[in-house]
There are 2 protein chains.
Amino acid sequence: METIKVILVDDHKIFRDGFRLLLQSFPYVDVICEASNGLELLKVLEVNIPDIIFMDVNMPHVDGVEASKRALEKYPDLKIIALTTFLDDDYLEQMLMAGVEAYMLKNADIEEFEKAILKVYSGGNYFSAEIVALLSDKLNILRSRKVQQMELPVFTDREKEILELICKGFGNKEIAEKIFISPKTVEKHKSSLFQKTGVLNTVNLVIFSFKHQIVNF
Amino acid sequence: METIKVILVDDHKIFRDGFRLLLQSFPYVDVICEASNGLELLKVLEVNIPDIIFMDVNMPHVDGVEASKRALEKYPDLKIIALTTFLDDDYLEQMLMAGVEAYMLKNADIEEFEKAILKVYSGGNYFSAEIVALLSDKLNILRSRKVQQMELPVFTDREKEILELICKGFGNKEIAEKIFISPKTVEKHKSSLFQKTGVLNTVNLVIFSFKHQIVNF
DNA sequence: TTGAACAATAGGGAAATCCCTACTTCGGAA
DNA sequence: TTCCGAAGTAGGGATTTCCCTATTGTTCAA
């Protein structure tokens, strides 16, 4: 088995030392470098490209979120495993959006780390059980947001048709040409949409539609 | 502890028998009924309302998705735990949309089932690790869509400030008042935004911002 | 130190959008 | 049947937005 090249990013040297010791028990893992914050990581990456980065979430100067974003922007093939001491709802979402492959607690046991490394190295994802619990709650929030939107105004077919075109970015004239009516009529349908949704202009109508996921982009 | 009333829905009697046996090892769980498909479930629900339904996803006649939707429509307080033999990407999404509280593999172990029942009964969610892996892949797909987009233009601070206000639905005059400049200046910043993003009007600028997640709603 | 590039400011006129009113059609209720 | 309301159609005039041009201040490198 070829070695998996790893970089550790954490602002506490003691943690890095301990963690490297832990990783050394995997013969196929090679810690090629360390960094104590995001900025340092970016410098290090100019010289050494690892397979996997273990990234602390809370760091001074450039935190895990920003560091992950920037690193992935420059090197999209990087795999990042986010490490955190406590469960932080906010960071979790941001790190996922930044594009990390895995998210785990620092006090995970050695088997968990092994699982995570192998899973991520082979192109998968890994989330520790605590994270899973948090994620599933989040998913529920998403769903319930979708459910509670049921009390939406009722649109006529013509209104729906026009709303879709509006949200694709077409102006009154363009919409009129597409569906063979006068621009003036388009405007009337729009003002009906304004009334039903309680907004005052096209921009706000578009915002409303995206917010309520009436149109999917 | 009061008993948790449970209904099993699965088209295989053998599975139902086995599963009931498993559930009987929890003294606080009471399997009050069974159904072999969605239609039967709906009939059963007219007489018996459980706390939790274990719902097979793949069933003849009325499948888990449809059954869950209809059941929740009539009895919104029901909690549903979806059960599946294999991981099916498609069903997963549909079941989540239908509004199930939990999603697990049938071959989960007894501890997992216990966790799921308790979590769901207390108003939470439960997803087994395999499901979360699938979900995280989904999240990943979202992300990669984000990464592959064109490189975003660089906005000045003023432009970012104005873009945010635009995406909150404010017009030129309102923005001007908020940040103490002339409406004309706001317009100029907007036209810079148009140029940088390649759009032709405010509506399309808002659409662009949502699509590229420059603003978060 | 002197341009050059760029950010921020703003005006005038053209174009698109918004508001109010009005006509036609069609299906269901009195 | 007749009448009413809802949906679809559209025009006139006010408002807002958009495009082109221009000035000022700041930074940075020749």
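Predicted model, so just to flag it, every value in this text is computed and none were measured. So you know, we letter chains A, B, ... as the sequences are listed, proteins then strands, and number each from 1.
For A:Thr185 and D:dA10, the shortest distance from a side-chain N or O to OP1 or OP2 is below 4.0 Å. When the side-chain nitrogen and oxygen atoms of A:Thr156 are compared with OP1 and OP2 of D:dG8, one or more of them lie within a distance under 4.0 Å.
Considering only residues two or more places apart in sequence or on other chains, A:Gln24 meets the side-chain contact (heavy atoms from CB on, under 4.5 Å) condition with A:Arg20, A:Leu21. Residues that satisfy the side-chain contact (heavy atoms from CB on, under 4.5 Å) test with B:Glu161, not counting sequence neighbours, are B:Arg158, B:Ile179. For A:Lys43, the salt bridge (charged side-chain N to carboxylate O under 4.0 Å, His left out) criterion is met by no residue, not counting sequence neighbours. The side-chain contact (heavy atoms from CB on, under 4.5 Å) check on B:Lys184 picks up B:Ser182, B:Glu187, with sequence neighbours excluded. Listed by chain and number, the residues in a side-chain hydrogen bond (donor to acceptor under 3.5 Å, both in side chains) with A:Asn204 are A:Asn201 (sequence neighbours excluded). Partners of A:Ser191 according to the side-chain contact (heavy atoms from CB on, under 4.5 Å) rule, which considers only residues two or more places apart in sequence or in another chain, are A:Lys188, A:Phe194. Applying the side-chain hydrogen bond (donor to acceptor under 3.5 Å, both in side chains) test to B:Asp11 and every residue at least two apart in sequence or in another chain returns nothing.
Screening residues 46-57 of chain B for side-chain hydrogen bond (donor to acceptor under 3.5 Å, both in side chains), with sequence neighbours left out, gives B:Asp56-B:Lys106. Counting only residues at least two apart or on different chains, the salt bridge (Lys or Arg N to Asp or Glu O under 4.0 Å) pairs with a member in residues 195-205 of chain A are A:Glu159-A:Lys196.
We find that CG of A:Asp157 is positioned 7 Å from P of D:dG8, with the value rounded to whole Å. At whole-Å resolution of the value, CG in A:Leu193 and P in D:dA7 are 12 Å apart. Summarising the geometry, the separation between CZ on B:Arg158 and C1' on D:dT26 is reported as 16 Å, rounded to the nearest angstrom.
Under 4.0 Å is where a charged nitrogen must lie from a carboxylate oxygen, and between A:Glu101 and A:Lys79 no such pair does.
The six-membered or imidazole ring of A:Phe19 lies near that of A:Phe113, with a centre-to-centre distance under 6.0 Å.
Here chain A contacts DNA chain C (any atom closer than 4.0 Å to a heavy atom, that is under 4.0 Å), and the contacts span C:dA16 to C:dT21 from 5' to 3'.
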Identify the pairs formed between an N or O of the protein and an N or O of nucleotides 15-21 of chain D at a distance under 3.5 Å, and give each distance.
| unit_1 | atom_1 | unit_2 | atom_2 | d |
| --- | --- | --- | --- | --- |
| D:dT17 | OP2 | B:Asn172 | N | 3.2 |
| D:dT17 | OP2 | B:Asn172 | ND2 | 3.4 |
| D:dC18 | OP1 | B:Thr202 | N | 2.6 |
| D:dC18 | OP1 | B:Thr202 | OG1 | 2.9 |
| D:dC18 | OP2 | B:Lys190 | NZ | 3.3 |
| D:dC18 | OP2 | B:Thr202 | OG1 | 2.5 |
| D:dC18 | N4 | B:Lys184 | NZ | 3.1 |
| D:dC18 | N4 | B:Glu187 | OE1 | 2.7 |
| D:dC19 | N4 | B:Glu187 | OE1 | 3.3 |

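Rounded to 10 degrees, the angle separating the terminal helix axes of the helix from C:dT1-D:dA30 to C:dA30-D:dT1, each built from five base pairs, is 20°.
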